[in-house]
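First up is the structure itself, then whatever we jot down about it.
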Amino acid sequence: MPGYVSMSDLPTDISHDQHAVRRQKLAEMRAAGSDPFRANVATTHFSGDALKAYVDGQENTVQVTVAGRLVVIRDMGKSQFVKILDQQGQIQLYVKKDVVGEAAYLAFKKLDLGDIVGATGTLFKTKTGEVTVRVDSYVLVAKALRPLPEKWHGLSDPETVYRQRYLDVIVNPESRARLMLRSKVVSHVRRFLEDRQFLEVETPVLEATAGGAAARPFVTHHNALDVDFFLRIATELRLKRMLVGGFDRVFEIGRIFRNEGVSRRHNPEFTMLEVYQAYSDYRGMMTLIRDLMTSLVRDVIKPADGSLKIKHAASGQDIDFGGEWREVKYKDLIREATGDADWFARSKAEKIAKAEAMGLGINPAWEEFEITNEIFSKRIEPTLIQPTFVTHLPKELCPLAKITPDDPTTIDVFELTIGGMEVAPAYSEQNDPDVQRQMFEAQAGEEKQNIDHDFLLALEHGMPPAGGMGVGIDRLCILLTGAESIRDVILFPQLRPGA
RNA sequence: GGGUCGAUAGCUCAAUGGUAGAGCAGCGUCCUUUUAAGUCGUUGGUUCUGGGUUCGAAUCCCAGUCGACCCA
């Protein structure tokens, strides 16, 4: 019969195919009336809490029910030591034929690495001193049909690490710790700000005008309204509207989208904290960010030596958050880097010649401040390892800040640079609607339609003087965890679809 | 967008243009306090995809896919 394949023609030895072996075990369990996917377990402890519940010297008195994924199996014949992994980490289980009974023991022997089980038993300490659950009963609550990556080397293929992050965090403890730390960082930031009477608000991701930063936005389309919307590139202009509305201290930890390159430092979507505080200014923001950073290091990172220092792998230095935070003017850094006290008086041609002599590629179409800023971002910023407030930036770099009272060419801002990376820019926020309009118009050039007139209308209603700050949460996490790439602190970094 | 490098068993990695291997995992055996447990045996490959060169290609060439790094 054409196309007919008899059962005897099918390969009968599936022992090499782990997926097939596991599927067969599942089929047998279902046939026997015990479907793991219809079972559950009522846990009493996470692994770490169970370990703490052990009372020294009191063997098998404290009962716990724990659950997690089988990550280690040591089969010793009539007993097994296994380890399960849950949110808090690993805990060892000791399964003994005498204790659980013959049938349950035989079934336990059929479990595979990766299976998710619950177990009830009592705590004891093994002869090597590890607190362990002596299992009285257990239940399989999910069958892993696919094998885990190897236990010793873990998972190292970067593509699999990013695409199947769940495997990475199961087998690579450093990844797990790093990504969990991110959650703790965000949680700490929230508590820190709430303690200071800041209100967390949520503003739109879809906007008719993408403002508040210079970046290319993603475009999408609203069908019912039949209009294009942009995904926000900043939360700034929305949050300032709330200052107008009398929400005097607001913040948002929001996803920002910028339709630009993907690199070690850039993901198309990233998380930014923006904070606004009425009746403050950029100097107030200095105190705020410094307190925030030092408390993060002290309470979340908790350096082992009790200091406020973090290793910076790229430079080999320790970044000391407990020391003096340097404050330096942008123009002074430029004068120092170029060795030219009169840099800002030089012609454009002279600036280009010098920048090229410094090994920089200069686009002749650039404005003079862009040439200068290329020197800053390529030759100065990477050298600023210790926490440094760069102040008095040229006004062209940001149209949303107040002009410095005694220098019309600079603005009342700082850019906090740590580990050679820009971590947090902050301004004394521009609240003069007329100056704001002029700055917008100067920046927009011919593209007047990009001006957010609704924001200017809000300013005309009166915005209190305020300090504002943006903090790149991803970069903050890179810094705090010593990660090499933004992809290491984002659960699911953007990759090309496929494979 | 340009350059460099990479893709081999489930995972981590080997393999002068000449029969694709190892460790772990898997499968079978022994073992009731292990710590990468140990022990004896054993299965497993579209060498990323598609072309080309060659008597012969994991290996050389071309194109593509995906990824990493550097540059713009």
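Computed from a predicted model, the values in this text were never measured in an experiment. Chain A is the first sequence line, chain B the second, and so forth, proteins listed ahead of strands; every chain is numbered from 1.
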Closest-nucleotide ordering on RNA chain B, the 5'-leading residue of A:Pro147 and A:Lys25: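 So the residue in question is A:Pro147.
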Please report the distance separating the P of B:rC31 from the corresponding atom of B:rC40, rounded so that it comes out in whole Å. 16 Å
P atom, B:rU47 versus B:rU19: distance in rounded Å?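 One P to the other, the span is 15 Å.
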Between [N] and [X], is there an OP1 or OP2 to side-chain N/O distance shorter than 4.0 Å?
| X | N | value |
| --- | --- | --- |
| A:Arg163 | B:rG67 | yes |
| A:Lys96 | B:rU34 | no |
| A:Arg487 | B:rA68 | yes |

Which nucleotide in the set [options] lies at the smallest distance from any side-chain heavy atom of [X]?
| X | options | result |
| --- | --- | --- |
| A:Thr126 | B:rC66, B:rG26, B:rU34 | B:rU34 |
| A:Arg264 | B:rC69, B:rU34, B:rG26 | B:rC69 |
| A:Met76 | B:rU34, B:rC11, B:rG67 | B:rU34 |
| A:Phe124 | B:rU33, B:rG23, B:rU34 | B:rU33 |
| A:Pro158 | B:rA68, B:rC27, B:rU34 | B:rA68 |

What is the distance, rounded to the nearest whole Å, between atom OH of A:Tyr94 and atom P of B:rU32? 9 Å
Cationic N near anionic O, under 4.0 Å, A:Asp112 to A:Lys25: yes
Which ones in residues 353-374 of chain A lie close to RNA chain B, meaning a heavy atom under 4.0 Å from one of its atoms?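 Under 4.0 Å from RNA chain B: no residue of residues 353-374 of chain A.
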Please write out the pairs of protein N or O atoms and N or O atoms of nucleotides 38-47 of chain B separated by less than 3.5 Å, giving the distance to one decimal.
from	atom 1	to	atom 2	distance (Å)
B:rU43	O2'	A:Asp13	OD2	3.4

Which pairs, protein N/O on one side and nucleotides 2-8 of chain B N/O on the other, fall under 3.5 Å?
none

